[in-house]
There are 2 protein chains.
Amino acid sequence: MAQPERDDKTDRSAPPPSASTGRPRSEEAHQAILDATLELLIEVGFSGLTVEGVAQRAGVGKATIYRRWPSKLPLIVEAFGELPGFEEVDSGSLEVDLKETLKRYLEAFNATSLGAVFPSLAGERAHNPELSKLLEPVARSRREPFVRIFERARERGEIADDVDIGLAADLVVGPISVTLFFRGGTPSPRMVGPIVDLALHGILRRRDD
Amino acid sequence: MAQPERDDKTDRSAPPPSASTGRPRSEEAHQAILDATLELLIEVGFSGLTVEGVAQRAGVGKATIYRRWPSKLPLIVEAFGELPGFEEVDSGSLEVDLKETLKRYLEAFNATSLGAVFPSLAGERAHNPELSKLLEPVARSRREPFVRIFERARERGEIADDVDIGLAADLVVGPISVTLFFRGGTPSPRMVGPIVDLALHGILRRRDD
DNA sequence: ATGATAACGAGACGTATTGTATCGTAATGC
DNA sequence: GCATTACGATACAATACGTCTCGTTATCAT
């Protein structure tokens, strides 16, 4: 009681600094909470997820959750971050790299229901700077493989020097983003070929068609 | 009391069919509610918006809101639909049409804070079929101008017959969608030129560069 | 062993929000 | 002027968040 209150509201993931004794936190419970969060996030979405529901499914008390995460949001973000990424491809060909990476990108997206979860979080971001900061590395890790593919292609001389590589990456992923967010659909792997062809060669009719 | 209850939960926007008498609904209150909803939607976002807050700002009672909309969601969607669209361009040139339309698209997006509101709604869509249905025409109205631009370009022979026009539209809008949703940024009108150039001519180095 | 310490599951609690219902009042039609 | 319906205000039950307190259990230091 004489202790000043912790005003650290952002990180309860580690036990208090003075704690080298006492019952250790259950790693099993920790993982069960993350698993349950992810399951419910997929099932009922961001706004439908309740901490009570997570606690019940994980078989833990609510306090066990709040001991680790200061609020619902960081819990969701951490569970979200557990989703696996996708492997990069380096075949020596821009077109092959793009098609294969985009295919894996989509497969990871659909297999993990990232497509159902990410929009929920993205929607909250504009009015929640903390969430925005937490979400940034996740978004970046999805973009970087494409940036690297284009950097390698530039070194090989496959693309012009004045092509904005970041923009090229966004152009390739763009139709998937549109399908997901604007149209509310599930991006199909069948989109990959046409997307890459169109992005690489352009929409205009070529003289040598 | 002997009356069967209305199970129509989706439309209270019109007075009950039997009502040709009594005090008419205040059109002033109606508009004040929509305005307040839109203001608050922009200020505090989807999850921060409360019906109580809308009632207070609009200077009406909560019942006046629930008399018109069955729940918070349809209210938000209707307020959202009040946002203005953007004018189409038909200059006879694909490149000019695209750049000018995309510029207006972005200006409308930013001026109306649609960019701050749409992601919130999009995120809920996956777990709310009703919202999905309500959101569809909004999304479609933003896409159709681009589809028409490409249809006219095809008639003029500017693009090949085998180009998927829907995909082309998504390709042009794609980087904006990526910026908005994945990166949480505000799309700048300065993106328009590079986007259209890259989408039209392709990422690959042309032989006649 | 034994005691100090902290996490554990369970659940009560205060606050806030949603959506319903009920006030007395005000506006419109017959 | 009377029936009818909307009005603003507010009380209400249900639900969720986040805090707190139970009695219990696991680990460390001695």
| Euclidean distance, atom CD of residue Q31(B) to atom P of dC7(D) [Å, nearest integer] | 14 Å
| task | For the side chain of Y66(A), starting at C-beta, report the closest nucleotide among dC7(D), dT19(D), dG29(C). | result | dT19(D)
Under 3.5 Å donor-acceptor pairs involving side-chain atoms of residues 44-56 of chain A, not counting sequence neighbours:
unit_1 : atom_1 : unit_2  : atom_2 : d
S47(A) : OG     : E124(B) : OE1    : 2.5
T50(A) : OG1    : G53(A)  : N      : 2.9

| task | Specify the separation, in whole Å, of atom CZ of R25(B) and atom P of dG29(C). | result | 16 Å
| Spacing between E28(A) atom CD and dG9(C) atom P, to the nearest angstrom | 9 Å
| Which residue lies more 5' along DNA chain D, comparing P24(B) with A55(B) via nearest heavy atoms | P24(B)
| task | Provide, to the nearest angstrom, the distance between the NE2 atom belonging to H30(B) and the P atom belonging to dA27(C). | result | 20 Å
| query | Salt bridge between E151(A) and R154(A), side-chain N to carboxylate O under 4.0 Å? | reply | no
| query | When the distance from NZ of K72(B) to C1' of dA16(C) is rounded to whole Å, what number comes out? | reply | 12 Å
| request: When you get a sec, tell me which of dA7(C), dA4(C), dC7(D) is the closest nucleotide to the side chain of T64(B)? | output: dC7(D)
| Choosing from dA6(D), dG9(C), dA7(C), which nucleotide comes nearest the side chain of R67(A)? | dA7(C)
| request: Classify the ring geometry between Y105(B) and F146(B) as parallel (under 30°), tilted (30 to 60°) or perpendicular (over 60°). | output: perpendicular
| field | Contact under 4.0 Å: R68(B) side-chain N or O vs dG19(C) OP1/OP2 | value | no
| query | Where along residues 35-52 of chain A does a heavy atom fall under 4.0 Å from DNA chain C? | reply | none
| request: Give a yes or no on whether a salt bridge exists between D35(A) and R57(A), defined as a side-chain N under 4.0 angstrom from a carboxylate O. | output: no
| task | Find the distance Q56(B):CD to dA16(C):P and express it as a whole number of Å. | result | 13 Å
| field | Length of the CD-P vector between E27(A) and dA7(C), whole Å | value | 14 Å
| task | Just say parallel, tilted or perpendicular for the rings of F181(A) and F181(B), cut-offs at 30° and 60°. | result | parallel
| message | Closest approach to the side chain of S26(A), judged atom by atom: which nucleotide of dG8(D), dC8(C), dG29(C) is it? | response | dC8(C)
| task | Please confirm whether any donor atom in the side chain of K62(A) sits under 3.5 Å from an acceptor in the base of dG9(C), or the reverse. | result | no
| query | What is the distance from CD1 of I33(B) to C1' of dA6(D), rounded to the nearest Å? | reply | 12 Å
| remark: Looking only at dC17(D), dC7(D), dC28(D), the nucleotide nearest the T21(A) side chain is dC28(D)
| said: Quick check: F109(A) with F86(A) (ring centres under 6.0 Å apart)? | reply: no
| message | Between T37(A) and E82(A), is there a side-chain heavy-atom distance shorter than 4.5 Å? | response | no
| V60(B) or R23(B): which one's nearest nucleotide on DNA chain D is closer to the 5' end? | R23(B)
